[in-house]
Amino acid sequence: MSMNFDPIYQEVILDHYKNPRNCKEIEGLSEKGHNASCGDKVEVITKIEDGKIEDLSVCTKGCAICTASGSIMSEKVKGMDIEETMKFVEKVKKYFKGELPEEEFDSIFELKALSGVRKFPVRIKCALLPWITLENTLKKEE
Amino acid sequence: MLDLKKDFPVFKNNPGLCFLDSGASAQKPSHVIDFVSNFYKTTYANIHRGIYNLSWRTTELYDATREKVAQFLGVSNPECVIFTKNTTEAVNLIAYTYGETLNEGDEIIVSIMEHHANFVPWQMLSKRKGINLKIAYIDRETLELPLKNITSLITEKTKLIALSMCSNVLGTISPFKEVLKIARDKGIKVLLDGAQYMPHHKINFGKEGLEPDFVVFSPHKMCAFDGLGVLYGQREVLEKIPPFLTGGDMIESVSIENTTFAPLPNKLEAGTPPIGAVISLLKAIEYLESIGMKNIEEHETKLAKEAIKRLKEIDGVHVFAPEKISNGIVSFTIDGIHPHDIATILAEDNVCIRAGMHCAEPLITFLEQDSFARATFYLYNDLEDVEKLITSVKRCREVFKL
């Protein structure tokens with residue numbers, strides 16, 4: 001059991017922050033996101049084949065929440081088809097905003113670990129940034 | 001050391017509150033809150049036109065504030081003190097009136113450490129009019145703004161120097177007094193952004209023989225209410241410029257074809273002003289003067305120096321402040337932790353700081369940083385607040401397992 005009881009910066013979040021997954025060079029649709037107030041920046045590159053997310057790269061420059069959120073997203077949506085991804089992104093957005101119960105992601109512990117942002121309204125946008133950026137890509141694709 | 005938390009009800013209502021964000025906006029003392037509250041209960045009416053007693057008494061308080069501000073600045077003409085919505089609007093007022101009289105090829109000098117409020121309006125004006133905007137850089141090592149970095153930019157085409165008196169990020173005091181003297185000799189106008197200077201220092205322009213063309217500042221950063229900015233300007237310029245906003249309260253006479261404008265200050269104060277906020281400034285200046293501006297400066301400087309010393313002792317912490325500081329601004333970073341994460345962990349401990357670009361993106365970029373954590377000390381802070389800051393910063397490193 002970790003000695004770290006911080007409600008936001010749990011082990012899994014720090015792990016994804018310190019070792020973000022899937023920031024790599026791939027061919028695909030590039031979309032950039034930016035939080036003007038805090039300076040968080042993200043680039044999501046999505047490679048879509050046969051209506052599916054074949055591969056994606058998420059590179060973040062910003063806080064732990066934004067970086068971890070992007071890294072977790074990159075692992076979760078790979079292999080999903082576009083419609084499935086859109087629904088999933090919608091659900092995650094609602095979850096971060098506190099519009100779904102905290103238990104909603106009991107089965108996806110990484111997302112549950114991000115639920116701490118629900119108590120810090122200003123930080124919700126950090127967690128949302130990669131997801132909104134991916135959503136923008138998919139909207140264009142549609 | 002000052003011991004003033006008792007004067008500020010917010011601390012009684014939020015036990016354990018460690019408020020280190022006065023650089024963004026200061027808390028309000030009972031002396032101000034109670035007076036304005038009572039004013040609304042007993043006296044309030046719109047200013048000017050009212051013939052009746054309440055309106056007169058409100059107008060008297062409103063005008064008394066103008067006189068108080070003039071006295072606070074050490075200037076002799078209260079009608080040249082203009083109340084605006086905020087410092088940003090005060091700068092825009094000048095950019096959209098005086099600024100429009102400048103011509104293509106003219107030059108404006110600003111420093112790299114300007115708040116966006118004293119940067120973007122000049123950048124926009126430059127684009128509108130084909131004016132050359134020149135940047136005076138600070139020294140990256142000392143974080144000071146050497147006078148020569150400003151004066152070396154002056155040419156025969158220089159019309160305006162718009163300069164922050166104190167950086168809201170670094171606490172660096174600009175050589176504004178020297179700039180005023182040099183600019184005066186050369187017929188260059190100077191606008192001083194005093195948003196971070198006025199709440200913390202005593203400056204009597206008249207006594208020091210200084211004649212800034214424009215001074216702007218933010219009463220809400222000095223214990224008055226929000227919704228109010230102050231512009232002071234030299235009479236000849238303010239009389240010459242056209243009104244910024246037109247409509248109610250700023251006219252002399254209106255016909256279907258034409259309008260003539262009221263004399264100063266009304267010409268530049270269109271519409272009903274934030275009356276309560278203006279009156280709060282009268283009481284806020286009274287309060288600050290009762291403590292003594294010199295005492296306030298010394299107090300917050302002591303706290304900031306202690307914080308800087310203690311922060312520097314922590315591994316991975318970098319402080320961005322000039323060697324010689326004279327106010328309560330302390331910006332810092334921690335290796336491996338983004339400032340927004342620092343501010344979040346501090347917030348869990350009830351320590352309120354600000355993180356980000358602090359509306360000074362050109363400066364942050366120049367310093368090759370993404371963002372800063374900033375603690376600002378003011379008259380009500382104490383050594384216990386420094387202690388809380390340090391404990392919480394240490395905890396950041398524990399949470400991030402550094």
Side-chain angles (χ1 to χ4, degrees), chain A residues 1-20 23 32-43 58-72 96-98 113-130 132, chain B residues 21 23-25 88 115-117 119-120 168-169 316 320 331-374 391-402:
Chain A
M1 190 62 198
S2 162
M3 289 299 288
N4 175 8
F5 293 108
D6 193 275
I8 293 191
Y9 301 100
Q10 300 176 32
E11 197 74 50
V12 57
I13 303 299
L14 293 178
D15 176 39
H16 277 272
Y17 171 55
K18 290 179 183 176
N19 309 293
C23 174
K32 287 179 179 157
H34 181 217
N35 269 343
S37 63
C38 61
D40 283 347
K41 282 178 189 151
V42 64
E43 181 176 14
V58 180
C59 297
T60 318
K61 196 167 192 293
C63 65
I65 292 168
C66 184
T67 306
S69 182
S71 174
I72 291 164
F96 289 158
K97 288 179 190 164
L114 275 170
S115 69
V117 296
R118 292 153 60 110
K119 294 185 196 75
F120 286 83
V122 227
R123 302 309 307 275
I124 292 171
K125 64 182 191 323
C126 306
L128 284 176
L129 183 65
I132 289 169
Chain B
D21 196 22
S25 197
T88 300
H115 186 282
H116 294 163
F119 186 86
V120 181
N168 68 316
V169 178
F320 291 78
S331 283
F332 62 98
T333 58
I334 308 177
D335 289 340
I337 315 180
H338 191 280
H340 267 90
D341 296 317
I342 300 172
T344 303
I345 293 169
L346 266 57
E348 291 169 0
D349 294 342
N350 217 356
V351 177
C352 311
I353 64 156
R354 195 149 284 251
M357 306 250 202
H358 310 288
C359 293
E361 195 171 343
L363 173 66
I364 309 284
T365 307
F366 173 71
L367 294 171
E368 296 171 342
Q369 303 293 318
D370 298 317
S371 162
F372 281 131
R374 182 190 73 177
T391 305
S392 208
V393 166
K394 286 181 178 163
R395 199 173 77 77
C396 288
R397 286 177 44 85
E398 286 164 23
V399 168
F400 271 67
K401 307 200 186 314
L402 294 172

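- Note that CG of Asp341(B) is 10.5 Å distant from CD1 of Ile13(A), once rounded to the nearest 0.5 Å.
- Counting only heavy atoms from C-beta outward, the side chains of Arg395(B) and Asp6(A) approach each other to under 4.5 Å.
- Ring pair Tyr17(A)/Phe400(B) is perpendicular by interplanar angle, where above 60° counts as perpendicular and below 30° as parallel.
- Between the CD atom in Glu348(B) and the NZ atom in Lys119(A) there is a gap of 10.0 Å [rounded to 0.5 Å].
- Annotation for Glu11(A) and Lys401(B): closest pair OE1-CE, 3.3 Å, computed over non-hydrogen atoms.
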Under the side chain to side chain contact (heavy atoms under 4.5 Å, CB included) criterion, do His338(B) and Ile65(A) qualify, and how do the steps go?
CA-CA 10 Å; His338(B) 191 280; Ile65(A) 292 168; over 6 Å; no
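- At a threshold of 4.0 Å, the pair Asp370(B)-Lys41(A) does not count as salt-bridged, since none of the basic side-chain nitrogens sits closer than that to a carboxylate oxygen.
- Contact annotation for Ile337(B): only backbone heavy atoms (N, CA, C, O) come within less than 4.5 Å of a heavy atom of chain A.
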